[in-house]
Structure formats: structure tokens, C-alpha cells
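Accompanying notes for the structure given below.
Below, each value reflects all heavy atoms present in this structure, side chains not excepted, and no hydrogens, waters or symmetry copies. Everything quoted here is computed from the prediction, not taken from an experiment.
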Amino acid sequence: MGIVTRFAPSPTGYLHIGGARTALFNWLYARANGGKFLLRIEDTDRARSTDAATDAIFEGMRWLGLDWDGDAVSQFERRERHAEVAHAMLNTGHAYKCYATRAEIDAFRATDLGKHGSFQSPWRDADSATAPDAPYVIRLKAPREGTTSVEDQVQGTVTWKNATFDDMILLRSDAIPTYMLAVVVDDHDMGVTHVIRGDDHLINAGRQSLIYTAMGWKIPVFAHIPLIFGADGKKLSKRHGATGAQEYRAMGYLAEAMRNYLARLGWSHGNDELFSTDQAIEWFDLSGINKAPARFDFKKLDNVSKYHIENAPDEVLIAGIIDFIASQDREPMSEGDLGKLKQNLPILREKTKKLNDLLDKAQFLLASRPFIPDENEAKNINSVFICILKRLTPALATVRSWSKEDLETLFRNFAETENVGLGKIAQPMKVVLSGSTKAPSTFDMMVALGKEETLARMNDVVLRTASPE
RNA sequence: GGUCCCUUCGUCUAUCGGUUAGGACAUCUGGUUUUCAACCAGGAAAGAGGGGUUCAACUCCCCUAGGGACUACCA
């Protein structure tokens, strides 16, 4: 039998990074086993669900490259079917109509019994002849005796006393199904074989298996993965930096790097740290998922990101850059600029952690001279260096060839005759050539720029500093 | 309060009864380098606590402590 997984977010905001990881695990598991990965939007809460949030989820999923099979399912649109199942359970005696009002439920909760246990409806065993002509909800007639167990693939066997389960509402008084009913019906109808979701649903697995059993349906395999926390061990929230998947896109991380980092958070394949998505698919298994919650660590993410920026295929990197620029609401890069970027990718990607850093380094190619360094960078170009620069210009004419090796040799010799360290010349030269120290290696830039342009930029600085206002 | 889950270096993790408890990030030291958000080498760094079971426990069981989830006509 083919494996079917699903990701089922509720559209109340954006794609949360924790949700993104849940989606990734489901996606990885399906792809690893030649199965299907489905997407369902849990929008039965009409008050909180918005189309904008649904679009945000789609966008986040697409950015992460988590493609789903078929069309996304709207849970709300399947409400007729959910109601149908609720009524089927009514007919088989697994559910009952409860006419208790809000006031009655509140009153029950105020009692000693109500403070410690869940609501016990007086309608559970009532004679239907006594039913009033009033709105009602359909409640599950949960078993009061015995236990219910779930064989969780991550948490192991988990058992509850049935007495701890309440008669949960299946169909609200406005005939809209609750989440608890809808998930079960949808997962069953969609043929979901493996439910991989957040730890916060562990108890729901017990409650939901009651519905499966009542309907005589096969219970799917459950795997409840631990949540992601912030660096301080608290639930991941805004003050930890970023909670939305898209924010990571805007920060300049490659989707491939996010997949790598997120997969490694709570899942492991021996000591493998840096890997491609294809490798993750090959290796992924539920048995590799850790039971304990993990903390989000930006330092490590940056390290993973650096690896992927340095090693991604050219076309992937370029696509990532184009996507990053779009995420900033910036003008798309011109074909010409893109061409320059492509040609110089090796020197731009080296030692680069994020895409915005890469773009910073690319300024020497993209911006036009003369460069005006900011106050801080300008400190590199002092009067002593200006004098050196003036002597360097004629010296440069003697270079054997305009290659990295020869330029470096020339610089070393020149530095020796000037009696200064190479760094004293090469570092300020970075600023001369690019207006910043956030730039590729000096010699790489010189080669990329060519002799004429290099000399012109050097001259810019000499001219600018020759006539101080 | 009740039910359930979790607990190995600062962080992410390996280990599936017998290891000097391994790796990665971060950190520290030294080296190197255009004095770097680079690189190389080395160091420090962990089984929450207490009971069992066993020849042997990080690994299995129990208790305690700490953390978390759920406890809605939310999902």
C-alpha cells in the first residue's frame, strides 16, 4: 500500500517555521517512500481563517520547495461530508444529541465535579422522546471504561484511561463540524496512512482514534514530533527573531539550507550535518526523529547556510538570488547585472553566509564608480595609504600579466619595497575598488574588473583626496 | 488541579547493556592569512537527582525535580 502523508495548517497567519518543519518531515517521508504528500487547509474556524493567510501558506510552502500532490483541500468545503459522518455515528449510537446550553455547561464547570473533570452531558443517555425543540450539538459517546492506546512512531506506546476523555463535540449547533471530527474524516477520506504532526496533538491522537474506532476505520500511523523552541527554551515567538518561514527567505537564506537545517532540528542520520535535499530524502525515516524538543540556533543555521551558498549549483544560487531580491520588494536585477553575477559567482559565494552578504560583495561589480565609502570604511584610506597608492599606480604597469598570481606577486614585492605588510595595502585596496571592505579578495576583484577599470578606480580616490574641501 | 509527553557538552545531536560517551555549531588557545562573518591545529565542555534490575546501565523499571502539551460549540 502506498504511503500518504499530509500537512494540515490552519490559515490564521503565515507559515510558522515550526509548521514548516512539520511539513518538511511529511514531505520527506512521502518522497522517501514513493508516496503522496497532501496539503489540507484547516479552515473550519470561519472567524479566524482568511484567504490571505491561505495564500501565505502556499507561498511559504512553494518557497521551501515542498510541493504537494493534487490540489490543496479546503476542510470547510467538506463540511457536508463531516456532518454526514456525525449523523452516521448518531445512527449507530456512537454519538448523541446534546441540548445543554452554554449557561448549563458553565454552571457545571463551577461545581466541584466540573472543576476537575470534563463536562458530563445529561443527554448522553436521555430518551430521545424527551428532547426539546432546540438547537443541539452532536457529541461523541466516548467510552467510559477501559483504555485507549496509540503506537506512536516517535513517542512510543501512549495509553490513556478512557474515563479521561470527554464527550467531545463533533458537530456544532450551527451544524459546522469541529476540528476533531473534520481531521479524522478528511484523513480517512484522503487515504492518509501516516499522520506526522506536532507534539501538541499527541492527546488528540487518543481522542481521534475513538472516532476511527466508532466508524470502524483503520487508524493511521501516528508520529508526533517535538516542538521547536527559541534559544531560551521558551516557545518560539517574535522576540526570538523570526517565526514565519518567509522571514527566513527575506533574511537571505537559501531554501535548500533551510531544508537542511530544519531537517537536522529533531531528526538525525548518524553524524551527518550538511546534506542535500536529495540525500535527506534518501535517508529520512521516522526512527531518526528525536523525542525531545529542539531549540532554534541562528549560529548553526548560518553555518549551514554558508555551506549551501558555497556549494549550490550555479543555477540554484542564481535562482536563490533572484528570489531573494523579489522578497525584498526590490527591482529585479537586469540581465546585464545578472550576467556579471553569474560570471563572478566563485569569488562572490566564497565565505558568504547569506544572500544579502553576497549582494553586498557584488557591489563592486554592480555599482558604478566613483565609490564613496561610508565614514567607517573611509578610515582605511588614510594619507599614508594615498601616498602608497600614488606609487602603486606606476608599479602596476609593470605587472607580467593581469592574473591573480602575478598581481599578488607584484603586491608582495611592492609591499616589501614600501616596507609595510601586504595587508596594509591590500585591505585599503578593497575599499578603493569597491567602496567597502565587504568585498571579495582584492586580487579577485582586480582580475574581474580588468586593468583599465582598476586603474580608473584608483585614480578616483587619488583625485578625490587631492582636493579636500 | 487532572491527563499525557520530554530530560546526553552552552546549542543541535550519535550511542539502540560492555565506548577514553563520538560529531557539528558556538566558545577558548595557537598558527596562518589581505589584521577578516575565512582557513588549519589543539583545548575545555554532557548522561537532572535518587533508588532499583543486571556480572555490567546514558541505554531497562520506579520515584523526585525541572520543562512542555492538552484540558473550548479554537485548530
Look at the side chain of A:Ser441 against the base of B:rU34 and say whether a donor-acceptor pair falls under 3.5 Å; ignore hydrogens and angles.
-> yes
Verdict with supporting geometry, A:Glu408 and A:Arg412, salt bridge (charged side-chain N to carboxylate O under 4.0 Å, His left out) = CA-CA 6 Å; A:Glu408 192 169 340; A:Arg412 283 188 190 285; 3.0 Å; yes
Have a look at A:Arg264 and say if it touches a base, only the backbone sugar-phosphate, or nothing, with a 4.0 Å heavy-atom cut-off.
-> base
Which part of the nucleic acid, if any, lies within reach of A:Ile203 when heavy atoms closer than 4.0 Å are counted: base, sugar-phosphate only, or nothing?
-> base
Which whole number of Å gives the distance between the C1' atom of B:rG2 and that of B:rG17?
-> 36 Å
For the side chain of A:Thr178 and the base of B:rC73, is some donor closer than 3.5 Å to an acceptor across the two?
-> no
Taking B:rA37, B:rU11, B:rA24 as options, the one with an atom nearest any side-chain atom of A:Glu273 is B:rA24
If you look at every strand shown and take non-hydrogen atoms under 4.0 Å, does A:Thr44 touch a base, only sugar-phosphate, or nothing?
-> sugar-phosphate
Quick one: label A:Val158 by what it contacts on the DNA or RNA (base, sugar-phosphate, nothing), any heavy atom closer than 4.0 Å.
-> sugar-phosphate
Sugar-phosphate, base or nothing in reach of A:Asn204, heavy atoms under 4.0 Å | base
5' precedence on RNA chain B between A:Asn271 and A:Asp45 (nearest-nucleotide basis) = A:Asn271
Face-to-face stacking of A:His201 with B:rA75, centres under 5.5 angstrom, angle under 30° | yes
Should A:Glu59 and A:Tyr14 count as side-chain neighbours, where that means a heavy-atom distance under 4.5 Å?
-> no
Is any N or O donor-acceptor pair between the side chain of A:Lys300 and the base of B:rA24 shorter than 3.5 Å?
-> yes
With heavy atoms under 4.0 Å as the rule, sort A:Met180 into base, sugar-phosphate or nothing.
-> base
Map A:Lys353 and A:Lys404 onto RNA chain B by nearest heavy atom, then report which one ends up closer to the 5' terminus.
-> A:Lys404
When all nucleic acid strands are considered with a 4.0 Å heavy-atom cut-off, which category describes A:Arg40: base, sugar-phosphate, or nothing?
-> nothing
Nearest-Å distance, CG (A:Asp302) to P (B:rU27)?
-> 11 Å
Centroid-to-centroid, A:Trp123 to A:Tyr96, below 6.0 Å?
-> no
Partners of A:Thr409 by side-chain contact (heavy atoms from CB on, under 4.5 Å), sequence neighbours excluded?
-> A:Asn413
